[in-house]
Amino acid sequence: MSTNVKTKKYDMLEQGNTGVALLIHDFAEGSAKDGDDVASNLTGEYSITLNGKCSVVRDVVLAEKYRAAHLKNNPEYPQFIAGEDIAILLVDVVMARICNINDEVIKW
């Protein structure tokens with residue numbers, strides 16, 4: 001992940017508030033690319049909440065490695081990934097909750 005260093009998110013991380021929750025879903029509508037095998041397998045059946053600890057990647061070499069991967073997977077959003085004021089973030093996931101369209105929850 002990445003964030004501008006002038007955001008509240010970044011300020012909170014710098015103050016030691018590292019707990020995060022990320023919501024991920026497999027809703028393909030509007031996001032599928034022609035020929036995208038991943039998008040074609042999305043069913044719209046699941047939402048996943050990931051809980052973890054977030055930190056700023058301070059190692060320049062590692063940050064640039066993650067930045068390159070982030071840009072490769074999101075080439076349409078370089079303004080949010082590359083630049084002098086953009087920090088690279090690392091989330092260590094400690095728990096996940098997977099919920100299906102029947103509101104059945106599995107904890108991982």
Side-chain angles (χ1 to χ4, degrees):
M1 283 180 33
S2 56
T3 191
N4 193 297
V5 298
K6 298 174 185 168
T7 61
K8 182 176 183 179
K9 179 190 332 173
Y10 185 82
D11 289 342
M12 298 295 282
L13 289 170
E14 289 295 282
Q15 293 171 20
N17 298 317
T18 60
V20 295
L22 303 172
L23 178 62
I24 300 172
H25 56 79
D26 70 342
F27 307 142
E29 185 177 339
S31 65
K33 297 176 184 171
D34 292 335
D36 187 342
D37 290 335
V38 173
S40 65
N41 290 323
L42 300 178
T43 62
E45 295 181 17
Y46 298 98
S47 289
I48 303 168
T49 301
L50 303 173
N51 297 97
K53 298 290 181 183
C54 185
S55 60
V56 176
V57 179
R58 307 261 181 221
D59 180 305
V60 176
V61 173
L62 191 56
E64 289 310 312
K65 176 182 174 183
Y66 291 155
R67 187 182 316 277
H70 196 17
L71 279 167
K72 181 178 179 185
N73 288 302
N74 300 281
E76 63 278 10
Y77 300 109
Q79 69 274 25
F80 299 110
I81 302 168
E84 192 173 306
D85 290 335
I86 306 296
I88 297 298
L89 307 178
L90 177 68
V91 177
D92 290 315
V93 176
V94 296
M95 186 178 83
R97 289 177 187 247
I98 304 165
C99 182
N100 66 18
I101 60 173
N102 298 314
D103 204 25
E104 299 166 330
V105 178
I106 300 170
K107 294 180 183 175
W108 173 82

* Taking atom CG of Leu50 and atom CH2 of Trp108, what is their separation to the nearest 0.5 Å? -> 8.0 Å
* Who else is in the cluster with Leu90 when I, L, V, M, F, W and Y are joined by side-chain contacts under 4.5 Å? -> Val57, Leu62, Tyr66, Ile88
* **Same apolar cluster: Tyr46 and Val93, side chain cutoff 4.5 Å** => yes
* Structure fact -> The reported gap from CZ in Phe80 to CG in Asn4 (rounded to nearest 0.5 angstrom) is 9.5 Å
* Asked: Just how far is it from atom SG of Cys54 to atom CE of Met12, taken to the nearest 0.5 Å?
  -> 12.0 Å
Distance-only donor-acceptor pairs under 3.5 Å for side chains of residues 97-106, two or more places apart:
{"residue": "Asn100", "atom": "OD1", "partner": "Asn102", "partner atom": "N", "Å": "2.8"}
{"residue": "Asn100", "atom": "OD1", "partner": "Asp103", "partner atom": "N", "Å": "3.2"}
{"residue": "Asn100", "atom": "OD1", "partner": "Glu104", "partner atom": "N", "Å": "3.0"}
{"residue": "Asn100", "atom": "ND2", "partner": "Glu104", "partner atom": "OE1", "Å": "2.6"}

* Asked: What closest approach, in Å, do Ser47 and His25 show between heavy atoms, and which atom pair accounts for it?
  -> OG-CB, 4.0 Å
* Asked: Given Arg67 and Ile86, is the side chain to side chain contact (heavy atoms under 4.5 Å, CB included) satisfied, shown in steps?
  -> CA-CA 10 Å; Arg67 187 182 316 277; Ile86 306 296; 3.8 Å; yes
* For the pair Ser2 (side chain) and Ala87 (backbone), establish whether a donor and an acceptor sit closer than 3.5 Å, ignoring hydrogens and angles. => no
* Asked: Are Val20 and Ile24 connected, step by step, through hydrophobic side chains (Ile, Leu, Val, Met, Phe, Trp, Tyr) whose heavy atoms are closer than 4.5 Å?
  -> yes
* To do: Verify the cluster assignment for Leu71 and Met1: are they in a single hydrophobic cluster under the rule of side-chain heavy atoms below 4.5 Å apart?
  => no
* To do: For the pair Asp92 (side chain) and Gly52 (backbone), establish whether a donor and an acceptor sit closer than 3.5 Å, ignoring hydrogens and angles.
  => no
* Indicate yes or no for a side-chain donor-acceptor contact from Asn73 to the backbone of Ala69 under 3.5 Å, with no hydrogens or angles considered. => yes
* To do: Could you check if a side-chain atom of Leu22 sits within less than 4.5 angstrom of a side-chain atom of Thr49, using non-hydrogen atoms only?
  => no
* Determine, step by step, whether Leu89 and Thr3 satisfy the side chain to side chain contact (heavy atoms under 4.5 Å, CB included) criterion, reporting the C-alpha distance in whole Å, the side-chain angles of both residues, the deciding distance to 0.1 Å, and the verdict. => CA-CA 7 Å; Leu89 307 178; Thr3 191; 3.7 Å; yes
* Asked: Once you round to the nearest 0.5 Å, how far does CG of Asp59 lie from NZ of Lys65?
  -> 10.5 Å
* Asked: At what distance, to the nearest 0.5 angstrom, does CD1 of Ile48 lie from CG of Leu23?
  -> 9.0 Å
* Return the set of residues passing salt bridge (Lys or Arg N to Asp or Glu O under 4.0 Å) with Lys6 (not counting sequence neighbours), or none when no residue passes. => Asp85
* Asked: Atom CG of Asn17 and atom NZ of Lys8: how far apart are they, to the nearest 0.5 Å?
  -> 10.0 Å
